[in-house]
Peer 1: 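Once you've had a glance at the structure underneath, I'll fire off some questions.
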2 protein chains.
Amino acid sequence: MPSKKDPKTVCQVVCFNAAKVSKIKKRIHTVEKVNAIAAIFQALSDATRMKIILSLRESELCVCDISQVLGMSLSAVSHQLRVLRNLRLVKYRNEGRMVFYSLNDSHVVNLIDDVIEHSLHS
Amino acid sequence: MPSKKDPKTVCQVVCFNAAKVSKIKKRIHTVEKVNAIAAIFQALSDATRMKIILSLRESELCVCDISQVLGMSLSAVSHQLRVLRNLRLVKYRNEGRMVFYSLNDSHVVNLIDDVIEHSLHS
DNA sequence: CCCATAGTTGAACGGTTGTTCAACTATAGT
DNA sequence: ACTATAGTTGAACAACCGTTCAACTATGGG
């Protein structure tokens with residue numbers, strides 16, 4: 001029952017720094033938006049969605065154009081666009097039957113550029 | 001068989017801008033590191049790993065301390081640390097039986113701060 | 001030498017997630 | 001009004017991912 005004190009599951013008193021732990025525990029808890037943060041990263045964690053964003057960086061595009069660029073079905077693209085829409089990473093604009101998508105702000109591109117830079121020198 | 005030209009799967013000529021598409025297609029292909037980029041984002045897309053990084057931002061910690069902070073088993077933490085290690089997001093240092101982890105560079109923290117800022121005003 | 005403990009690892013299980021398929025909405029042209 | 005097409009949506013299936021469990025390595029103390 002007291003799994004908190006079960007050895008091999010959680011380590012014994014010897015190693016852990018109680019003061020440090022409780023301090024950090026509090027700080028982490030303060031950032032309760034951990035899930036919100038992770039959600040943003042998750043939206044960018046899929047190759048398809050990453051390609052969509054890299055495409056939209058170049059130009060505003062209709063769903064059909066995106067599906068052509070990626071070589072994927074309209075449906076698949078539409079599903080992924082929804083994810084990006086829900087997180088307000090992209091915005092859209094109707095024009096007749098077509099829907100044009102574009103990046104919601106340049107913030108995301110900066111993020112991606114930072115990651116590219118990171119993956120370069122590592 | 002020619003699913004590329006199958007209506008309802010990929011849109012017809014009317015809507016798509018061939019020049020634009022092929023230009024972007026080439027650009028996207030140039031960035032063939034799409035998977036590498038997505039992998040970095042994926043490492044940060046999990047709440048557990050995000051908490052680990054936020055913890056390590058505060059201080060170097062042994063695995064046991066991290067498991068205390070998160071209230072998770074040593075095994076679960078160790079598995080996630082491996083993901084972060086493989087992507088060189090964290091580094092480690094042995095000291096007797098214990099292993100101390102720390103952030104590999106401040107790059108990651110900047111990324112997270114950017115995302116926090118983004119999720120604030122949106 | 002032996003035991004306890006910090007940490008790692010592989011297999012397995014359950015939940016999540018991406019794509020496909022089919023059905024649907026809506027707009028444009030005739 | 002009818003047909004064709006751009007796009008969305010829900011269900012279903014497969015692949016992926018995080019946690020648990022058990023077995024393992026390795027270090028330190030008696």
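Side-chain atoms are counted along with the backbone in the values below, which use heavy atoms only and exclude waters and symmetry mates. None of the values given here were measured: they were computed from a predicted structure. Here is how names work: the chains are called A, B, and so on, in the same order as the sequence lines, proteins then strands, and each is numbered from 1.
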Peer 1: Do Leu111(B) and Asp114(A) have side chains that get closer than 4.5 Å, going by heavy atoms?
Peer 2: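 Result yes, sub-4.5 Å side-chain heavy-atom pair found.
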Peer 1: Within the side chain of Ser73(A), is there an N or O that forms a donor-acceptor pair under 3.5 Å with the backbone of Ala76(A)?
Peer 2: yes
Peer 1: Among dG7(D), dT19(D), dG7(C), find the nucleotide with the atom closest to the side chain of Met72(B).
Peer 2: dT19(D)
Peer 1: I need the Asp46(A) CG to Ser45(B) OG distance, nearest 0.5 Å.
Peer 2: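 Taking CG in Asp46(A) and OG in Ser45(B), the distance rounds to 10.5 Å.
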Peer 1: What is the distance from CG of Leu74(B) to C1' of dC24(D), rounded to the nearest Å?
Peer 2: 14 Å
Peer 1: Rounded to the Å, how far apart are Gln80(A) CD and dT9(D) P?
Peer 2: 13 Å
Peer 1: Please figure out whether Ala76(A) or Leu81(B) has its closest DNA chain C nucleotide nearer the 5' end.
Peer 2: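 Whichever sits nearer the 5' end wins; that is Leu81(B).
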Peer 1: Calculate the interatomic distance between Asn94(A) atom CG and dT8(D) atom C1'; express it in whole Å.
Peer 2: 12 Å
Peer 1: Is Val83(B) reachable from Leu89(B) through a run of I, L, V, M, F, W or Y residues, each pair having side-chain heavy atoms under 4.5 Å apart?
Peer 2: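 No, separate clusters.
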Peer 1: Whole angstroms only, please: what is the CD-P distance between Glu95(A) and dT27(C)?
Peer 2: 14 Å
Peer 1: Please confirm whether the backbone N or O of Gln42(B) pairs with a side-chain atom of Arg49(B), one donor and one acceptor, at under 3.5 Å?
Peer 2: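 Yes.
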Peer 1: Less than 4.0 Å between a side-chain N and a carboxylate O, is that true for Asp113(B) and Arg57(B)?
Peer 2: yes
Peer 1: Side chain of Val99(A) only, heavy atoms from C-beta on: which candidate in dA4(C), dG7(D), dT5(D) is closest?
Peer 2: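 So the side chain of Val99(A) is nearest to dG7(D).
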Peer 1: In this structure, how many angstroms lie between the C1' atom of dG28(D) and the CZ atom of Arg97(B), rounded?
Peer 2: 5 Å
Peer 1: Side-chain N or O of Ser73(B) less than 4.0 angstrom from OP1 or OP2 on dT20(D)?
Peer 2: yes
Peer 1: Could you go through Tyr101(A) and Arg85(A), starting from their C-alpha distance and side-chain angles, then the distance that decides it, and tell me whether this counts as side chain to side chain donor-acceptor pair (under 3.5 Å)?
Peer 2: CA-CA 9 Å; Tyr101(A) 281 84; Arg85(A) 250 191 290 129; 3.1 Å; yes
Peer 1: Measure CG/Asn86(B) against P/dT8(C) and give the value in whole Å, please.
Peer 2: 12 Å
Peer 1: Rounded to whole Å, please give me the gap between CG in Leu84(B) and P in dG18(D).
Peer 2: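 Computing the Leu84(B):CG to dG18(D):P distance gives 10 Å.
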Peer 1: Is any N or O donor-acceptor pair between the side chain of Ser78(B) and the base of dT9(C) shorter than 3.5 Å?
Peer 2: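 Checked by distance alone, the answer is no.
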Peer 1: Tell me the interatomic distance from Arg85(A), atom CZ, to dT8(D), atom P, rounded to whole angstroms.
Peer 2: 6 Å
Peer 1: Once you apply a heavy-atom cut-off of 4.0 Å, does Tyr101(B) come out as touching a base, just sugar-phosphate, or nothing?
Peer 2: sugar-phosphate
Peer 1: Counting only non-hydrogen atoms, which of residues 39-51 of chain B are less than 4.0 Å from DNA chain D?
Peer 2: Gln42(B), Asp46(B), Thr48(B), Arg49(B)
Peer 1: When you compare the ring of His79(A) with the six-membered ring of dT19(C)'s base, are the centres less than 5.5 Å apart and the planes under 30° from each other?
Peer 2: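 Per 5.5 Å and 30° rule: no stacking.
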